[in-house]
Amino acid sequence: MPLALAQLQDIGDRISDRLRPWSRSAEFWVRAADIYTSYKVCQLRAGFVKDEEEREAMWEQQHELGAQKMYSLCSELGGLFLKAAQILGKPDLAPMAWVKRLVTLCDKAPATPVDVKYDINFDLYSATKEMEKQICYEFDFVREAKAMERIREFLRVTNKKKPPVIVPRVIPEMVLVMEFIEGTPIMNLGNEMAKRGIDPGGKIATMAKQKILTDLTLAYGQMILKDALLDYGQVKAMPEDLRLAYANLVIAMADDDFLRTKESFREIGIETWSIADNELEELFQLSLRMFDTRLPPGVTAMSPFAEDSSLNKVGVQSFPEELFSVLRTIQLLRGLTVGMGLRFSCAQQWKPIAEEALLNCKIKKAAEKFCQATVFE
């Protein structure tokens, strides 16, 4: 009986967790509607009052009441609602009674318990540090222009026949301007195909979309495993050891190799802890969520931070800052894969590139060792 009750309690907790976002939203609308209604009632009552001073007093009283209700709503719900109150509490946006009440939420907002700020088992410190760097990079347009030219030249040299993607040429005299390239936004392909009488879900369309996605993925793979990373405003030059360690992880994911995945995590510098009995399997599933575009059958969305994520069983204590750009790229590619209605594994596509990168490294080290031996002789 106690076991059955515990299971029932667990089911109840799961249902409660799923409904919590909807509950917060519903509570907001109910309380916001109450504030709105009270203002409409005040407006109606004020219409029957002829004395101007009496009308102003009515409105002042209403503003005080509305300010208190809005303060309670935002401070109790917290999160986004708290930020909205901080924005709303400005003299040019709200009555003075609201401003005086809501301005206290800027520096005297209710504290959030630590166990709620830290319920994601992931290295958020490294994430925010990397975000701090990238925001600065977004405004360095000279760096962005140089990165575009570097990537453009890299893809040209790497692909002797034809680069898999076209990188716009920067107009040197106008740093913020690049050449215009005629084309169709990738997510509008279906509509463009339909206009030309091609069934967007047909065999020809699927083959075309597969080719486009393969070329795009190839370009990303070459940049990640051989040089740097798109997009231009956030180009990251990956350290050599990290790039090669990531190549190892790519091969492990492509081969469904659980043990090699764990070893690659350690080599990369991803430190984890686990409460799972099947640690190797959960670690592998986490690697797919973070670093591969493949999706289980019937699944159209997969986030490392989802409720069913392996992060609930395997926590990430430390994550290399340089790898967040790769994480972001994988999520972008996965979104394109789902949007185009395809099943696609970037790890399997990148495996040959990863193997080539590791082989070149071995050849380079062997050559260096040979040269050192020759010098000593």
| query | Nearest 0.5 Å, what's the OG-CG distance between Ser264 and Leu249? | reply | 5.0 Å
| said: If the threshold is 4.0 Å, N to carboxylate O, is there a salt bridge linking Glu282 and Lys313? | reply: yes
| Under a single-linkage rule joining Ile, Leu, Val, Met, Phe, Trp and Tyr whose side-chain heavy atoms are separated by less than 4.5 Å, which residues share a cluster with Val41? | none
| Which atoms form the tightest heavy-atom contact between Ala245 and Glu267, and what is the distance? | CB-CG, 3.7 Å
| Under 30°, 30 to 60°, or over 60°: which ring-plane class applies to Phe319 and Phe324, parallel, tilted or perpendicular? | tilted
| remark: Closest non-hydrogen atoms of Met58 and Cys42, given as atom of the first, atom of the second and distance, are O-SG, 4.0 Å
| query | Do Glu240 and Arg243 pass the salt bridge (Lys or Arg N to Asp or Glu O under 4.0 Å) test, and can you show the C-alpha distance, the side-chain angles, and the key distance before you say yes or no? | reply | CA-CA 5 Å; Glu240 180 79 357; Arg243 181 174 63 85; 2.7 Å; yes
| field | Residues Thr206 and Gln210: side-chain donor-acceptor under 3.5 angstrom | value | no
| field | Residues Gln43 and Lys40: side-chain donor-acceptor under 3.5 angstrom | value | yes
| Side-chain ion pair, Glu192 and Lys195, N-O less than 4.0 Å | yes
| Distance in Å, Gln285 CD paired with Asp292 CG, rounded so as to fall on 0.5 Å steps | 10.5 Å
| message | Just verifying a value: how many Å separate Ile171 CD1 and Phe180 CZ, rounded to the nearest 0.5 Å? | response | 13.0 Å
| message | What's the separation between atom OG1 in Thr217 and atom CZ in Phe344, rounded to the nearest 0.5 Å? | response | 4.0 Å
| query | Is a side-chain donor-acceptor pair under 3.5 Å present for Gln331 with Arg334? | reply | yes
